[in-house]
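All values below were derived from every heavy atom in this structure, side-chain atoms included, with hydrogens, water molecules and symmetry-related copies excluded.
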Number of protein chains: 2
Amino acid sequence: MREFKRKSRVLLIDDNADHLRGVKELITLESSYEVVSTTTSANVGINLIKKYRPDIVLMDINMPEKDGLQAIQEIEKLNLGVRIIALSAYDDADLIFRAMKIGAKGYVLKTMASAQLIYAMDEVASGKIYLPTALTSRFFEYFQNSFKNEAEISTEENLLTYLTSREEEVLDLLTQGNNYKGIASKLFISETTVKTHVNNIFQKLQVNDRTQAVLYALNNGFANRRRAKLAL
Amino acid sequence: MREFKRKSRVLLIDDNADHLRGVKELITLESSYEVVSTTTSANVGINLIKKYRPDIVLMDINMPEKDGLQAIQEIEKLNLGVRIIALSAYDDADLIFRAMKIGAKGYVLKTMASAQLIYAMDEVASGKIYLPTALTSRFFEYFQNSFKNEAEISTEENLLTYLTSREEEVLDLLTQGNNYKGIASKLFISETTVKTHVNNIFQKLQVNDRTQAVLYALNNGFANRRRAKLAL
DNA sequence: AGTGTTCTAAATCTTTAGATTGATAAATTC
DNA sequence: GAATTTATCAATCTAAAGATTTAGAACACT
């Protein structure tokens, strides 16, 4: 199935020396991979990555010395295009979720058959992101659960719907940290008009001041939450 | 492989009558499923679900009349324990992400082999969440991309680290919409002390007023964002 | 033509917010 | 033990925010 290509260069990080040796032998048997280096230390591993620039990193995330997830995060920040597959002893949903969130391209259990690891490496080497089916199911349970609260919020009456489009504009500028003067100059209207709008917004959102209005807006899905940056 | 059990009751919603008929015949061939009802209308479908209480719903999400995703959301709100599999013509990452986010237990392309649909139904019927491997990869690309911004933010210097623990307490109360008086009474200190703290917070966060301070806090991971609710 | 909504604006007034300076006591650090 | 940091509080002052009322112009609805 797999074609002949340049061998993918693999780096192994695992504090368990025995497991490390086993995985190395396993991969060495595969014609399409070569192990460029191995280490039992996450910190050393990061330096080896800078040196060898491997295609794939197999990272044990259950290490006492340094948290493997933290190591993944640091490697991702380097932006070297290294594809990391997390190796773990646990099929814990939270661990899987966090690993994928910070950019791991795969997550394989140590207890899984070696063929599973090779398959994951094949997929990741070809640019895909791969999770074994059983872990995918776990991931999605966690994922969907984390959105349940949001869904419940959205069922409540959203007072934001009562705002006029002009009031929305004003509120948008409020959520960027503007004062009356700033809003007035940005909308080319007088400061007193802004005050009128803001007071109407307070009435409609049933709040007492601008901070509460901004919090209500952010908590109830006003615009894109990530767009609400400070305009200083 | 599959054991003999009570047949899973399936309801089909698809505005394409031809496709609807085809899927119905396909499922009827399977000994472990029975189609309890079908409809070409999402709105009718929601009522049929209330009436028949199926185990599984196959929902076409590419419908002109009513958005299938919206329909899924409404069904999920009913909390009937109905497991929904989204059927779509498109392997669009955003569509997949949104469907899974709102609680779909699976997502299958109409172009996929019928065996794929049956397999997805088997998995979902047994309580799992199932996405075909190819779609899982798409999903994760989208998923990881949506976290990239957050990762970049966290690399910037976080001015919140300069706050003392007392200042953090005060800021926490600010992010709940309290004024000076409210903070003073909650911390059992005088209003002037609160003013001092707040002014120090402004200095450290390099902002001009409380709204900007609150926005800075929320945008830079102060506490749990979801905990920042209004205390009115 | 009339009703209602929205956007605009001003005037006035009260309250809150924010800046600044100075001071004390306790805890921490060096 | 001196210096620094932290938490507390007061007084004062200016600026900003917020409440309230009134009102004209534009527009939509019917």
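- Nearest heavy-atom pair, Val82(A) versus Glu76(A), reported as atom, atom and distance to 0.1 Å: O-OE2, 4.0 Å.
- The CG atom of Asn208(A) sits 11 Å away from the P atom of dT20(D) (whole-angstrom rounding).
- Summary of the strand contacts: Asp209(B) and Ile189(B) both lie near DNA chain D, and taking for each the nucleotide with the nearest heavy atom, the more 5' one is attributed to Ile189(B).
- The closest side-chain donor-acceptor pair between Ser41(B) and Thr39(B), if any, does not fall under 3.5 angstrom.
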Atom pairs under 3.5 Å, N or O on each side, protein against nucleotides 11-14 of chain C: can you list them with distances?
none

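- Between the C1' atom of dT8(D) and the NE2 atom of His197(B) lies a distance of 7 Å, rounded to the nearest Å.
- Side-chain N/O atoms of Ser165(A) include none lying less than 4.0 angstrom from OP1 or OP2 on dT6(C).
- Between the side chains of Thr193(B) and Ser190(B), a donor-acceptor pair is found at a separation under 3.5 Å.
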Exercise answer: donor-acceptor pairs, residues 84-95 of chain B side-chain atoms, under 3.5 Å, sequence neighbours excluded:
from	atom 1	to	atom 2	distance (Å)
Ser88(B)	OG	Asn62(B)	OD1	3.1
Ser88(B)	OG	Tyr90(B)	N	3.0
Ser88(B)	OG	Tyr90(B)	O	3.2
Ser88(B)	OG	Tyr107(B)	OH	3.0
Asp92(B)	OD2	Asp94(B)	N	3.3
Asp92(B)	OD2	Leu95(B)	N	3.0
Asp94(B)	OD1	Tyr142(B)	OH	2.4
Asp94(B)	OD2	Arg98(B)	NH1	2.9

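- Residue-level contact check: Thr193(A) touches the bases, meaning some heavy atom is under 4.0 Å from a base atom.
- Between Tyr180(B) and dT15(C) there is no side-chain polar atom (N or O) within less than 4.0 angstrom of OP1 or OP2.
- When heavy atoms are screened at a 4.0 angstrom cut-off, Asn179(B) is found touching the sugar-phosphate backbone but no base atom.
- Distance CZ (Phe202(B)) to C1' (dT20(C)): 15 Å, rounded to an integer number of Å.
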**Asked** Are Thr211(B) and Thr211(A) close enough, and set up right, to give a side-chain hydrogen bond (donor to acceptor under 3.5 Å, both in side chains), and what steps lead you there?
**Response** CA-CA 5 Å; Thr211(B) 306; Thr211(A) 307; 3.3 Å; yes
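- Rounded to whole Å, the distance from CD on Glu168(A) to C1' on dT6(C) is 13 Å.
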Using atom types as modelled, flag every donor-acceptor pair under 3.5 Å from a side chain in residues 48-57 of chain A to any protein atom, sequence neighbours excluded.
from	atom 1	to	atom 2	distance (Å)
Asp55(A)	OD1	Arg6(A)	NH2	3.3
Asp55(A)	OD2	Arg6(A)	NH2	3.4
Asp55(A)	OD2	Arg9(A)	N	2.7

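- Note: CD (Gln212(B)) to C1' (dA17(C)) measures 13 Å, nearest angstrom.
- When rounded to the nearest whole Å, the span between CZ of Arg210(B) and C1' of dG18(D) equals 13 Å.
- Counting only heavy atoms from C-beta on, Thr164(B) has its side chain closest to dA7(D) among dC9(D), dA7(D), dA19(D).
- Spacing between atom CG of Asn200(B) and atom P of dA7(D) amounts to 9 Å, rounded to whole angstrom units.
- Comparing Lys204(A) and Phe188(A) against DNA chain C, the residue whose closest nucleotide sits nearer the 5' end is Lys204(A).
- Between the NZ atom of Lys181(B) and the P atom of dA17(C) there is a distance of 9 Å, given to the nearest Å.
- Phe139(A) and Phe143(A) have parallel rings, their planes meeting at less than 30° on a 0 to 90° scale where 60° marks the start of perpendicular.
- Side chain of Asn199(B), nearest nucleotide from dG18(C), dA9(C), dT8(D): dG18(C).
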